[in-house]
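Some notes on the structure that comes next.
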Amino acid sequence: MKKKNLIVLVILAGVTMAIPLGLGNSYYLNVLVFVGIHSLITIGLSLLMGYAGQISLGQAAFFGLGAYTSGILSTKFGVSPWLALLAAIFVTGGIAFLIGAPALKLKGHYLAMATLAFGYIVYIIFNQASSFTGGPSGFGQIPRFRLGNFLFKTDVHYYYLVWILVIVALLISLNITHSRVGRALRSIHAGELTANVMGVNTAKYKIQIFVLSAVYASVAGSLYAHFITFLNPSPFGFHFSIVLVTMVVVGGVASVWGAMIGAALLTILPEYLRAFQDYDILIYGSILLLIMVFLPKGLFVGIFDLVKKRKNRQ
Amino acid sequence: MGSILRIEKLEKSFGGVTAVDGIDFEVNPHQIKALIGPNGAGKTTIFNLISGIYPVTSGTIRFKEQIIDGLKPYIIAEKGISRTFQNVQVFEDMSILENVMLGRHCRTRSGFLAAALNLRKTRAEEKRIREYSLEMLSFVGLEAKRDEAASNLVFQQQKLLEIARALATEPELILLDEPVAGLSVPETDEMVQLIYRIREIGITILLVEHDMGMVMQVSEEVVVLNSGQVIAEGTPRQVQNNEAVITAYLGERETENANYTKS
């Protein structure tokens, strides 16, 4: 990892760890827990989309698989939430592997369609397998995380848990992007056939990064399940998959920092726009549109470029 | 030791079109050999068959006596065959050094887990990748530009970058697809010198080229293709005087004269 990234990561860690001191158990902190959960998913998705160049419109399904596996195991089978989180990683990762092996042979729009179809199937299962999932009305009383005698119950507790995992995920992702593996992923994006001829097992790397992105989403799902303690299918539908892709693109697709910025913006923005009541969707849409028109590379790269341009002018 | 590359009864058809129609030839170790022929003769198709991009229709390709047809491109690269492309294929969003470092991929090991944890072993390997790649960059004379984006390079430099990247895979055989196409006369001379230097470090070279002056200067042996078949093989002097070759390139002598007298 480059020094610059490490410095930013340390600053981010410091700032995120200090935030609850100022906010306490407020509504804002609750929103920030969601920013963290969404960031976990988008960091994984940006590795898949921005680095390896593979599109997934089924990421909400992996999020849901993580949440439901964790929720069902801990609620109906008495498995501890930590163990359930771990089991969910294997279940979701395994399903991603089975889906990815054939789907990743497809390219571009076709891969997007395949993952979209997968997302729909999972969504239907959440609705229909009601003896396990509670159907459309869902199920509750999912146990919370516990560490010895310490029970994670407040927003502050979950805030720390979620954001420590976000920072670990960032660290892992930055390490990967600056490694031999990261280079291989980027070469697949730039020219899959050339990468293969130059000695990269492209099929293997595509599956591995697909599974990794699913695992990130699964962890986010488990955190969600044990935080909200209630699950129903609607947060895991097609709409949320699109929101996730939008987060990554708005933030800047080729950067894990951008993925986090996008997750933060698209999670916080709707909360603030509630003040505009019926016009909130209109304003939300306009803001996204303006970002994509004026900063097509996303916020992260876009703002850097603007600063650079201004410096050059002076 | 026998031939490094041996191609036997090689055939490739796309639908009903036969692009390569029963070709046999061999490349000896440390040789510079050229494949020539008019457009559509099947030269690039043969390169794509050797590097595993296309499956062969029939026939065999042996590299160091081992059959390699049917293997995936990345495995063929691991075995020691690398190449450049007719339409230069550098990774444009990556830096020049990163392009070459990608070539080291098949000679290194660190996987996802080692990368994620950034182990000491991984960092040491990354350092070795960087050093080796810098060596390859200076071999082709691009070390000063190592941190620039590959898309910033002019055409000739992109060709050099492709060669550096191919060399980074430590090939025993390198396939150069039109190495001097689009280059000026002095640039062509530099490329010829580079090809000699590649041979000096023990690498066998098979090239496809349309620039006949360059081919005749650099190659020890030439295979002439026409319509997917070998029509001549030998030293540059031998093929230059070969009747079939002259016909393939210039058309029938008699017919030409006949047309001439008519008009």
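By convention in this document, chain letters (A, B, ...) are assigned in the order of the sequence lines, proteins followed by strands, and residues within each chain are numbered from 1.
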To the nearest 0.5 Å, what is the distance between [atom1] on [X] and [atom2] on [Y]?
X         : Y         : atom1 : atom2 : result
Asn118(B) : Leu171(A) : CG    : CG    : 8.0 Å
Thr84(B)  : Met198(A) : OG1   : CE    : 8.0 Å
Glu162(B) : Thr194(A) : CD    : OG1   : 8.0 Å

**Q.** Residue, of Pro73(B), Ala77(B), Gly111(B), that accumulates the most heavy atom pairs under 4.5 Å with chain A
**A.** Pro73(B)
Q | Leading residue by heavy atom contact count with chain A [cutoff under 4.5 Å; candidates Arg123(B), Arg109(B), Glu92(B), Glu125(B)] | A | Arg109(B)
Count the heavy atoms belonging to other residues, nucleotides or ligands that lie under 6.0 Å from [atom1] of [X], then report whether that count exceeds 12.
X         : atom1 : result
Phe90(A)  : CZ    : no
Asn152(B) : CG    : yes
Arg107(B) : CZ    : yes
Arg146(B) : CZ    : no
Tyr110(A) : OH    : no

Q.
I'd like to know if the side chain of Arg180(A) and the backbone of Thr108(B) have a donor-acceptor N/O pair within less than 3.5 Å.
A. yes
Q. Any side-chain heavy atom of Phe85(B) within less than 4.5 Å of one from Val197(A)?
A. yes
Considering all heavy atoms of both residues, which atom of [X] and which atom of [Y] are nearest to each other, and what is their separation?
X         : Y         : answer
Leu102(B) : Ala184(A) : CD2-CA, 3.9 Å
Phe91(B)  : Ala190(A) : CD2-CB, 3.5 Å
Ser179(A) : Ala115(B) : OG-CB, 3.3 Å

Q. For Ile129(B), is it the side chain, the backbone, both or neither that has a heavy atom under 4.5 Å from a heavy atom of chain A?
A. side chain
(Q) Does any backbone or side-chain atom of Ile75(B) lie under 4.5 Å from a heavy atom of chain A? Answer side chain, backbone, both or neither. (A) neither
Q) So which part of Ala203(A) gets closer than 4.5 Å to some heavy atom of chain B, the side chain, the backbone, both or neither? A) neither
Q) Only one of His105(B), Glu126(B), Glu98(B) clears side-chain hydrogen bond (donor to acceptor under 3.5 Å, both in side chains) with Arg183(A); which? A) Glu126(B)
Q. For chain B, which of Asn196(A), Leu193(A), Thr177(A) has the most heavy-atom pairs under 4.5 Å?
A. Asn196(A)
Q) Of the listed residues (Val181(A), Leu212(A), Ile209(A), Thr202(A)), which shares the most heavy-atom pairs with chain B below a 4.5 Å separation? A) Val181(A)
Q: Take Asn201(A) and Glu78(B) through the test side-chain contact (heavy atoms from CB on, under 4.5 Å) and record every step on the way to the result.
A: CA-CA 10 Å; Asn201(A) 185 349; Glu78(B) 277 171 17; over 6 Å; no
